Protein chains: 2
Amino acid sequence: MKLSFQDYISIKIHQTDLNLTKFIKSKLEDFNLAPEQNLIMMLLWEKDGLTQNQLADQLDKDKTNIARMASNLEKKGYIYRAHPKEDRRSLMLFLTDSGKELGEQVIPVAEEFNDIVCKGISSEELVELERLLTKINQNVQEQ
Amino acid sequence: MKLSFQDYISIKIHQTDLNLTKFIKSKLEDFNLAPEQNLIMMLLWEKDGLTQNQLADQLDKDKTNIARMASNLEKKGYIYRAHPKEDRRSLMLFLTDSGKELGEQVIPVAEEFNDIVCKGISSEELVELERLLTKINQNVQEQ
DNA sequence: CCCCAATAGTTGCTATAACAACAATTAATT
DNA sequence: AATTAATTGTTGTTATAGCAACTATTGGGG
């Protein structure tokens, strides 16, 4: 049976992801923060001093991406990086004052973003959506 | 109320999309086809002779991306491009013999991919998933 | 017919994303 | 202690993704 284009759920997920990224990107533009850079900042606002390796784990990304995004965040002055004495291979990320101030502005924007995304979706539906996405993740990772 | 990292449905969708992309990428590697290049090919296998503009519309992508992907597909020998006489601004994409042959190999792989993605998910659940994704798309596009 | 709008593609730029190869450091093994 | 393993980051490359600015072509209004 030949599937047509719209039948692929993966394509729909991809489109949704692109639209979400475009939307949050526009919201973050004023703060000189790209979407994925913001994810690193979100983790740092929760807990300072994470290493790039820990960030890569938590964000489920290649260490390469984390290194480059961290480097950009450093250039923007939101963080600084330092090798801990215990392990000079690692690089810990710390918020600058500018980075801390940024959190107070951006966290409300992120929550407002989430409210818009979930508008008209009940918490039961949200749970179901998460369950199905988890199932899909399992399906492709079992391979 | 401060949301923690896992609470953002957009992050879950993003992760799922990345996993799906990684998976289909590995499946298509043998065919010298990148995931998004494959989307263009899928449309061409359905209907030959689309313009880059039409492809951009159907794939909901920037014309820039389409132009570059089409250029790569041309380099790989799967398509050729030609300006129609009626409108010399446009570029129509046509399958080469190599591109047609490729379709017979890749389409079954794409459908197998979809089967794996949807394993253990009922058609009712799939409809619900699509409905919720559509709702999210509407929410962010209304802005 | 001429100027201007709109349309279709291209080029340049920035930001993800993942892989391979590499350097520096640390841990493990003998 | 010396060699090898593993760990942590960086650099280079390819592939999306979208924006701005540009060229070429077409269509419309005067």
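Just so you know, these numbers come straight off a predicted model, no measurement behind them. Labels below follow one simple rule: chain letters A, B, ... track the order of the sequence lines, proteins then strands, and each chain is numbered from 1. Side chains included, hydrogens not; waters and symmetry mates left out as well; all remaining heavy atoms used.
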Rounded to whole angstrom units, what separation is found between the [atom1] atom of [X] and the [atom2] atom of [N]?
{"X": "B/L59", "N": "D/dA17", "atom1": "CG", "atom2": "P", "result": "9 Å"}
{"X": "B/L28", "N": "D/dT16", "atom1": "CG", "atom2": "P", "result": "10 Å"}
{"X": "B/M41", "N": "D/dA15", "atom1": "CE", "atom2": "P", "result": "15 Å"}
{"X": "A/H83", "N": "C/dT25", "atom1": "NE2", "atom2": "P", "result": "9 Å"}
{"X": "A/N53", "N": "D/dG9", "atom1": "CG", "atom2": "P", "result": "5 Å"}
{"X": "B/I66", "N": "C/dG9", "atom1": "CD1", "atom2": "P", "result": "10 Å"}
{"X": "B/L91", "N": "D/dA24", "atom1": "CG", "atom2": "P", "result": "15 Å"}
{"X": "A/L55", "N": "D/dT10", "atom1": "CG", "atom2": "P", "result": "12 Å"}

[X] side, atom [atom1]; [Y] side, atom [atom2] - distance, nearest 0.5 Å:
{"X": "A/Y78", "Y": "A/Q37", "atom1": "OH", "atom2": "CD", "answer": "9.0 Å"}
{"X": "A/E128", "Y": "A/L133", "atom1": "CD", "atom2": "CG", "answer": "10.0 Å"}
{"X": "A/L44", "Y": "A/L39", "atom1": "CG", "atom2": "CG", "answer": "11.0 Å"}
{"X": "B/T16", "Y": "A/I136", "atom1": "OG1", "atom2": "CD1", "answer": "7.0 Å"}

Ignoring hydrogens and angles, answer whether the base of D/dT7 and the side-chain atoms of A/R89 contain a donor-acceptor pair closer than 3.5 Å. yes

When both hydrogen-bonding distances must be under 3.5 Å and the geometry is Watson-Crick or G-U wobble, what is [N] paired with, if anything?
{"N": "D/dG9", "answer": "C/dC22"}
{"N": "D/dT14", "answer": "C/dA17"}
{"N": "C/dT29", "answer": "D/dA2"}
{"N": "C/dC1", "answer": "D/dG30"}

Side-chain donor-acceptor pair present, A/T64, A/D62, cut-off under 3.5 Å: yes

For B/T51, report the nucleic acid contact type (base, sugar-phosphate, nothing); a contact means any heavy atom under 4.0 Å. sugar-phosphate

Return the minimal non-hydrogen interatomic distance between B/G49 and B/F94, and the atom names on each side.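 Residues B/G49 and B/F94, closest heavy atoms: CA-CE2, 3.6 Å.
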
Which heavy atom of A/R81 sits nearest to which heavy atom of A/A70, and what is that distance? NH1-CB, 3.8 Å

Just compare D/dA21, D/dT25, C/dT26 and give me whichever is closest to any side-chain atom of A/R88.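 Among D/dA21, D/dT25, C/dT26, the one nearest the side chain of A/R88 is C/dT26.
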
Salt bridge (charged side-chain N to carboxylate O under 4.0 Å, His left out) between A/E125 and B/K135, intermediate numbers included: CA-CA 11 Å; A/E125 287 172 326; B/K135 177 68 181 161; over 6 Å; no

Syn if the chi torsion is within 90° of 0, anti otherwise; quick check, which is C/dA18? anti

Please classify D/dA5 as syn or anti, treating any glycosidic angle within 90° of 0 as syn.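 Because its glycosidic torsion lies within 90° of 0, D/dA5 adopts the syn conformation.
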
A/E29 vs A/K63, nearer the 5' end of DNA chain D by closest nucleotide: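 That would be A/K63.
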
Want to settle it: does B/S90 or A/E86 sit nearer the 5' end of DNA chain C, counting the closest nucleotide to each? B/S90

Scoring nucleotides 13-18 of chain C by protein non-hydrogen atoms under 4.0 Å (B base, S sugar-phosphate only, - none) yields B-SSBB

Are OP1 or OP2 of C/dA8 and a side-chain N or O of B/Q54 less than 4.0 angstrom apart?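 For B/Q54, the contact criterion (side-chain N or O under 4.0 Å from OP1 or OP2 of C/dA8) is not met.
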
